[in-house]
Every structure is written in C-alpha cells, then in structure tokens.
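Being a predicted model, the structure only gives us computed values, none of them experimental.
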Amino acid sequence: MSRLLVCLLALWTTTSGRAESGFQFRQSGTSGLELTENGKPVFVYIYQPVLKAGTDEKYRRSSYIHPLYAPDGTVVTGDFPKDHPHHRGLCWAWPIVRFEGQTYDMWAVQGMRQRFVQWLKRDAGKRSASVTVENGWFAGDRKIVKETVAIEAMPAADNRRELRLTLTFEAAGEPVEIQGREVKGYGGLHIRFAPRQDTVIHTDQGRLERDSDLTRHPWAQLEGTMEGKRVGVRIDVDPSNPGTPNGWCLRHYGYLGVGWPGLGSYTLRRGEPLALKYRVTVFSKGPASEVSRAGL
C-alpha cells in the first residue's frame with residue numbers, strides 16, 4: 001500500500017471518528033430533530049405533526065420527545081398506545097384550557113394543538129447539548145399561548161443520562177386558564193413508557209404498590225424490563241416550581257405524570273411568563289436476567 005493511501009486512510013479514520021465525537025443534532029425523517037452522543041441516539045424531538053398509521057386523524061400531534069433512549073440504546077418511551085392513543089412519549093399538556101369562555105383539551109388533542117413556530121437555539125458539543133424551540137398553543141389558526149421549550153442533555157455516565165427541561169408559558173393575548181383533569185388532577189409534564197414487564201414505581205416514600213392520584217412527591221421513578229433490559233426514568237420536580245411538592249398521577253401500566261396545578265387552576269397572562277423546571281434521568285441496569293440474578 002502506498003504511503004499516500006495510508007495517509008488518506010488515516011486522515012479519513014481521524015475525521016470520521018471526530019465527526020461522531022460528542023453530541024450532534026441531525027434531521028430525523030421529515031418531522032423530528034434527533035440528538036446523538038458519540039453516534040448513539042439520545043432522543044428525537046418531534047416538531048412537525050405525526051400520526052401513526054391506522055390511528056384517527058384527530059390524534060395527529062407534535063411538540064414532544066419520542067423516542068427517548070436509555071444509555072444502552074433501549075427505547076423507553078411509547079407513542080400512540082392502543083389504550084390511550086393520545087399519550088405521547090415525554091410530553092407537557094393540560095386537559096382543561098379555558099380561553100374566552102371556551103374549554104379545550106390539549107391533552108387529548110381536542111380543539112387545541114401545540115405547533116412549532118421557530119428554533120431559538122441548537123448547540124452541541126462534547127460536554128452537553130441544548131436545544132430551545134418556540135411553540136404556540138393554537139385554537140384553529142389562533143395562537144393563544146407562547147410556549148418555549150429548553151432541553152439540555154448531559155453526557156451518559158455510569159449508565160445514566162440527565163436531561164434538564166425548562167418549559168415556559170405565556171399568554172399571547174387575553175388570559176388563559178389551565179387546570180388538571182377533574183377528580184384525578186393530572187395535567188402538565190408526563191411520560192408514557194414503551195411496553196415492558198415487571199414494572200416497579202418508586203417515590204421518596206419507597207416502592208409504590210398501587211396506582212395513585214394527587215399524592216405529593218418531589219420525584220417519582222418507573223423501571224421495567226424493555227427489550228430484555230432493565231431500564232427506567234426518574235423525574236425530579238425543581239423546588240422553585242409553584243406548588244411543590246406537586247401531586248402525581250402514577251400508573252403501573254406505564255405512566256408518570258406531574259399533576260400541576262391539579263384540581264386547582266392557574267391563569268397565564270401576557271407579560272407574566274410561567275417557568276416550570278424538571279430533571280429527567282434515564283438509566284439502564286443491564287440485561288434483565290443478570291439484574292434478576294443480582295436480586296436488584
């Protein structure tokens with residue numbers, strides 16, 4: 001092999017390796033923005049409306065994270081599940097939105113939708129990656145709330161990865177009232193999990209044996225066996241958020257939801273942005289068979 005060819009091969013190896021080093025953003029199909037770390041997927045942010053084949057058109061939606069990956073590459077989120085087709089990955093929405101005498105259900109994608117407006121920031125390096133996007137809450141063609149979503153991803157370490165979310169909401173004009181679902185109080189940040197076995201939910205009070213509504217916790221965690229691996233997600237509510245510790249909707253069928261403002265209500269006003277902050281930690285424990293033998 002000639003010296004020139006050897007040098008060219010060495011240069012290609014170095015530059016290709018450098019291209020996969022650290023975090024990178026890239027387009028995912030026509031609807032998503034994917035973040036990778038060292039060539040491995042971290043999450044996809046869906047910014048254009050999507051609809052699963054065979055699903056009612058009314059459930060077409062955007063502005064959420066799916067798939068979300070554990071550090072070992074396992075997909076932990078679900079989307080368009082048969083039991084709740086409006087559930088969508090890692091999402092933020094309310095089932096009761098009141099505006100000018102009308103009530104909308106953005107949670108179930110009825111009468112109101114989140115829509116992409118513009119990218120505000122995309123920054124990817126070796127130590128972190130961040131993306132900020134402006135969305136709107138739209139009733140028909142009318143924008144009633146400005147939504148800003150900031151996501152910061154930290155490098156995977158010790159089979160864990162941390163995402164830091166800041167969700168900011170402000171009325172675009174007249175006041176907008178948000179509220180959790182009647183009786184159960186769910187509404188706000190929530191995550192639907194992929195199909196799994198041996199689901200376990202933990203909170204600051206220990207292992208949760210039964211589903212619960214509106215019990216206050218600073219954090220909640222769900223783990224299960226997915227794709228033969230033991231993986232899970234923990235959500236911590238920032239102490240600066242209103243009403244902390246917040247109530248939660250916790251379901252062993254594969255759901256964690258921060259219920260704020262719960263059975264109460266909150267009014268969004270122009271010039272008074274509401275910021276909600278969360279830490280989302282995705283983790284993997286290894287093959288389920290090995291975890292089971294270890295008694296974990």
Side-chain angles (χ1 to χ4, degrees), residues 22-37 41-51 59-69 76-77 79 86-94 97 104 106-107 109 112-125 127-155 161-173 176 178 187-192 233 235 237-238 241 257-258 260 268 270-280 282:
F23 288 102
Q24 285 188 322
F25 286 108
R26 61 190 180 195
Q27 185 68 24
S28 177
T30 59
S31 60
L33 178 70
E34 182 180 49
L35 176 65
T36 63
E37 183 188 11
V42 177
F43 66 75
V44 175
Y45 177 79
I46 296 177
Y47 68 96
Q48 294 294 344
V50 295
L51 183 70
Y59 294 118
R60 187 180 295 275
R61 68 290 191 102
S62 65
S63 310
Y64 63 102
I65 293 174
H66 175 77
L68 174 63
Y69 297 86
V76 299
T77 49
D79 200 14
H86 55 286
H87 283 189
R88 45 200 188 271
L90 180 62
C91 179
W92 39 93
W94 281 267
V97 181
Y104 304 91
M106 193 167 66
W107 176 282
V109 204
M112 181 173 293
R113 284 173 166 79
Q114 293 155 294
R115 294 184 192 171
F116 171 81
V117 175
Q118 63 178 327
W119 299 111
L120 300 177
K121 175 184 177 182
R122 272 191 269 180
D123 186 18
R127 296 184 178 181
S128 68
S130 58
V131 57
T132 305
V133 57
E134 179 186 336
N135 301 318
W137 297 5
F138 285 84
D141 293 328
R142 188 176 182 185
K143 179 181 175 182
I144 68 168
V145 169
K146 176 184 176 182
E147 172 186 288
T148 305
V149 178
I151 309 167
E152 182 179 15
M154 309 307 294
R161 180 192 306 285
E162 181 179 307
L163 303 180
R164 300 169 184 172
L165 271 63
T166 301
L167 311 173
T168 306
F169 310 96
E170 180 183 349
V176 179
I178 57 175
L189 180 73
H190 54 282
I191 181 171
R192 178 63 192 251
V233 175
I235 297 177
V237 181
D238 194 277
N241 287 6
V258 184
W260 182 84
L268 301 172
R270 188 171 186 177
E272 301 177 13
L274 166 70
L276 303 177
K277 299 180 181 180
Y278 304 93
R279 183 170 71 248
V280 179
V282 191

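Classification of Arg26 and Glu34 as a salt-bridged pair holds, one side-chain N sitting under 4.0 Å from a carboxylate O. Residues Asp79 and Arg61 are paired through a salt bridge, judged by an N-O separation under 4.0 Å between the basic side chain and the carboxylate.
Contact check for Cys91 versus His190: side-chain heavy atoms found under the 4.5 Å cut-off. Counting heavy atoms from C-beta on, the side chains of Arg279 and Asp238 never come closer than 4.5 Å. Counting heavy atoms from C-beta on, the side chains of Tyr64 and Val50 come closer than 4.5 Å. For the pair Tyr69 and Val42, the minimum side-chain heavy-atom distance is 4.5 Å or more. Leu189 is listed as a side-chain neighbour of Leu90, based on a closest heavy-atom distance under 4.5 Å. Proximity of Tyr278 to Leu167: side-chain heavy atoms (C-beta onward) are separated by under 4.5 Å at one or more points. The shortest distance between side-chain heavy atoms of Leu68 and Val282 falls below 4.5 Å. Counting only heavy atoms from C-beta outward, the side chains of Trp137 and Gln114 approach each other to under 4.5 Å.
In the displayed structure, Arg60 atom CZ is contacted under 6.0 Å by more than 12 heavy atoms of other residues, nucleotides or ligands.
Here the straight-line distance linking atom OG1 of Thr132 with atom CZ of Arg122 works out to 11.0 Å at 0.5 Å rounding. Rounding to the nearest 0.5 Å gives a distance of 12.0 Å between CD1 of Ile151 and NZ of Lys121. We find the NE2-NE2 distance between His87 and His66 to be 14.0 Å, quoted to the nearest 0.5 Å. For the atom pair Phe43 CZ and Leu35 CG, the distance stands at 4.5 Å (nearest 0.5 Å). Put simply, CG on Leu274 and CG on Leu268 are 6.0 Å apart, with the number rounded to the nearest 0.5 Å. Atom CD1 of residue Ile144 and atom CZ of residue Arg270 lie 13.5 Å apart, to the nearest 0.5 angstrom.
Checking side-chain atoms of Gln27 against main-chain N and O of Gly32 turns up a donor-acceptor pair under 3.5 Å. Under the 3.5 Å distance criterion, the side-chain polar atoms of Arg115 are left unmatched by any main-chain donor or acceptor of Lys143. The backbone N or O of Ser62 lies less than 3.5 Å from no partner atom in the side chain of Gln48, so there is not a single donor-acceptor pair. No donor-acceptor distance shorter than 3.5 angstrom exists from the side chain of Arg164 to the backbone of Ala153, with no hydrogens or angles considered.
Listed here is the closest heavy atom pair of Met154 and Arg161: O-NH1, 3.0 Å. In terms of heavy atoms, Ser63 sits closest to Tyr45 at CA-OH, 3.5 Å. In plain terms, the two heavy atoms of Thr168 and Ala275 that are nearest each other are OG1-CB, 4.0 Å.
Ring geometry, Trp107 versus His86: the interplanar angle falls from 30° to 60°, so the pair is classed tilted.
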(Q) What verdict does the side-chain contact (heavy atoms from CB on, under 4.5 Å) test give for Ile65 and Thr77, after you've listed the backbone C-alpha separation in whole Å, the side-chain angles of each residue and the deciding distance to 0.1 Å? (A) CA-CA 9 Å; Ile65 293 174; Thr77 49; 5.8 Å; no
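Checking each of Trp94, Trp92, Trp260 against Phe169 for a ring pair (Phe, Tyr, Trp, His ring centres under 6.0 Å) leaves exactly one that passes, namely Trp94.
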